[in-house]
Amino acid sequence: MAKSKLGMSSFDIDIKFKDKEEARKYAKRVLEKIRCICKKKNWSATAMVCISNTEGNKTLTYYEHSGKVGRPKKVKEAYLPYRNKDISTEWHLHIIMASKPYHSFRDELKAYFDKNWLGWKKNADIDITKLYGKGTYKKNTNIKKAEYFIKQAEETLFCTYNNNDEVVIPKGYTLKDLYNAYMNSKTALRYARSTGNEKRLALENKYYDIANFYWNITKEQDKKMVDKFMKEVRLIKIQDNYDLREKNNKVQKNMSLRRRVVEEDSWF
């Protein structure tokens with residue numbers, strides 16, 4: 001039997017929610033399902049579920065420096081080209097998870113979404129009549145996807161469970177730790193003048209330290225994706241070269257035929 005590996009997954013689910021409260025309810029169900037799987041099968045996982053109603057890659061996020069005591073307010077700010085545009089969309093969830101085992105955990109969670117959320121049985125909480133035939137799309141991913149989710153998230157929920165035999169997700173390296181380190185580094189960058197370069201660089205280094213832990217998880221997976229892409233590029237290049245040669249051959253044949261006709265009609 002093949003040894004199980006630690007890997008990363010993300011999910012796209014064909015569900016839009018009527019409001020933030022409904023989205024939060026389903027986000028909590030994701031975390032509860034992950035907890036149940038880990039407990040039942042003695043598996044390990046760390047997960048992040050982002051609740052969003054904003055289009056991707058159009059916002060940055062950081063903590064506000066208000067000078068007040070307590071939890072800082074999270075600020076989600078549109079990038080300059082989108083400041084005066086409506087970038088809102090329907091409420092939806094983004095889910096990313098690092099788990100051991102990788103494929104089996106990913107497949108079990110996908111099956112749960114398809115069966116319980118997407119029309120395989122009656123669900124009274126949301127209108128799923130128009131969702132029949134659609135499903136959950138599981139994707140290979142890496143830690144850059146987490147940054148993409150964080151930047152557009154209105155609220156983010158987390159869970160982490162290690163099995164009874166080993167600590168798969170070390171302390172300080174959960175997806176919640178990654179989220180906090182990312183937010184702190186972006187806040188330090190936003191307020192760089194008051195934060196100072198030394199503290200800003202220290203916070204960035206902490207974030208990259210955690211991010212590198214996840215980069216190493218997906219290193220083999222990323223290489224396969226890059227190799228596949230490069231193979232496709234080479235095949236396209238070969239086809240383009242072949243098409244160009246065929247085109248040149250046709251041109252040469254036409255020119256040769258034209259010369260022959262001219263020579264045959266010539267008086268000399």
Side-chain angles (χ1 to χ4, degrees), residues 2-14 26-27 29-52 56-57 61 92-114 117 135-153 155-163 165-183 185-186 206-230:
K3 186 177 180 181
S4 62
K5 294 182 178 180
L6 179 62
M8 293 194 73
S9 309
S10 63
F11 302 87
D12 286 341
I13 308 173
D14 285 319
Y26 276 80
R29 290 181 182 179
V30 176
L31 303 185
E32 178 60 21
K33 182 60 181 179
I34 292 172
R35 184 193 72 80
C36 290
I37 294 173
C38 289
K39 184 178 180 180
K40 180 180 178 180
K41 302 202 172 187
N42 199 29
W43 289 353
S44 301
T46 182
M48 177 174 71
V49 183
C50 296
I51 303 167
S52 174
N57 280 333
T61 185
H92 58 280
L93 300 180
H94 291 298
I95 304 165
I96 188 167
M97 176 179 71
S99 66
K100 184 178 180 180
Y102 166 42
H103 291 100
S104 298
F105 208 133
R106 181 182 68 170
D107 292 347
E108 183 144 343
L109 201 55
K110 177 190 180 300
Y112 163 75
F113 294 139
D114 285 342
W117 290 23
T136 306
Y137 303 94
K138 56 187 182 181
K139 297 186 174 181
N140 293 332
T141 191
N142 57 40
I143 204 59
K144 291 298 291 183
K145 183 66 73 69
E147 295 180 6
Y148 170 78
F149 291 165
I150 291 170
K151 286 192 291 184
Q152 61 180 288
E155 185 177 347
T156 312
L157 307 179
F158 308 91
C159 70
T160 298
Y161 303 100
N162 282 301
N163 67 35
D165 302 320
E166 62 176 325
V167 177
V168 175
I169 312 297
K171 184 178 180 180
Y173 290 86
T174 69
L175 285 176
K176 185 175 183 179
D177 294 317
L178 177 98
Y179 172 87
N180 290 333
Y182 177 86
M183 290 296 296
S185 67
K186 294 305 177 183
K206 183 175 181 179
Y207 169 69
Y208 288 123
D209 177 55
I210 302 172
N212 283 335
F213 170 78
Y214 289 97
W215 276 119
N216 288 329
I217 290 174
T218 60
K219 186 162 52 177
E220 182 180 340
Q221 181 178 297
D222 291 341
K223 184 178 183 303
K224 289 180 180 178
M225 292 173 65
V226 171
D227 289 346
K228 181 181 178 182
F229 172 77
M230 293 305 297

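Along the sequence shown, the residues carry numbers beginning at 1.
- Among all heavy-atom pairs drawn from Leu93 and Ala27, the shortest one is CD1-N, 3.9 Å.
- When every heavy atom of Ala211 is checked against every heavy atom of Ile143, the shortest pair comes out as O-CG2, 4.1 Å.
- Residues Ala153 and Ser52 approach most closely at CA-CB, 4.3 Å, considering heavy atoms.
- The pair Lys144-Glu147 meets the salt-bridge criterion, since a charged nitrogen lies less than 4.0 angstrom from a carboxylate oxygen.
- Checked against salt bridge (charged side-chain N to carboxylate O under 4.0 Å, His left out), Glu108 has the following partners two or more places apart in sequence or in another chain: Lys41.
- Atom CD1 of residue Ile217 and atom CG of residue Leu6 lie 4.0 Å apart, to the nearest 0.5 angstrom.
- Residues Gly56 and Gln152 come closest through the heavy atom pair CA-NE2, 3.5 Å.
- Residues forming a ring pair (Phe, Tyr, Trp, His ring centres under 6.0 Å) with Tyr179 (at least two apart in sequence, or on another chain): Phe158.
- Between His92 and His94, the ring-plane angle classifies as perpendicular under the 30° and 60° cut-offs.
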- request: Take Ile150 and Thr61 through the test side chain to side chain contact (heavy atoms under 4.5 Å, CB included) and record every step on the way to the result.
  value: CA-CA 8 Å; Ile150 291 170; Thr61 185; 4.1 Å; yes
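- Here the OG atom belonging to Ser99 is positioned 13.5 Å from the NZ atom belonging to Lys5, to the nearest 0.5 angstrom.
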Derivation of the side chain to side chain contact (heavy atoms under 4.5 Å, CB included) call for Trp43 and Ser104: CA-CA 10 Å; Trp43 289 353; Ser104 298; 3.8 Å; yes
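- Counting all heavy atoms, side chain and backbone alike, Tyr102 lies closest to Met8 at CE1-O, 3.1 Å.
- The CZ atom of Phe113 sits 3.5 Å away from atom CD1 of Ile95, with the distance rounded to the nearest 0.5 Å.
- With contacts defined as side-chain heavy-atom distances shorter than 4.5 Å, the pair Cys38/Phe105 qualifies.
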Residues His103, Arg106; criterion side chain to side chain contact (heavy atoms under 4.5 Å, CB included); working and verdict: CA-CA 5 Å; His103 291 100; Arg106 181 182 68 170; 3.3 Å; yes
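- Considering CE of Met48 and OG of Ser10, their distance stands at 10.0 Å, rounded to 0.5 Å.
- Leu31 contributes atom CG, which lies 11.0 Å from atom SG of Cys36 (distance to the nearest 0.5 angstrom).
- Across Asn142 and Ile96, no two heavy atoms sit closer than the pair O-CD1, 4.1 Å.
- In this structure, CG on Asp12 lies 12.0 Å from NZ on Lys110, to the nearest 0.5 angstrom.
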Per-pair distances, 0.1 Å, donor-acceptor, side chain in residues 166-175, under 3.5 Å, sequence neighbours excluded:
residue	atom	partner	partner atom	Å
Glu166	OE2	Lys100	NZ	2.9
Tyr173	OH	Asp209	OD2	2.7
Thr174	OG1	Lys176	N	3.3
Thr174	OG1	Asp177	N	3.1
Thr174	OG1	Asp177	OD2	3.0

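- Aromatic ring orientation, Tyr182 versus Tyr207: perpendicular (interplanar angle above 60°, classes split at 30° and 60°).
- For the side chain to side chain contact (heavy atoms under 4.5 Å, CB included) with Cys159, the qualifying choice from Ile34, Val30, Val49, Thr46 is Ile34, the only one to do so.
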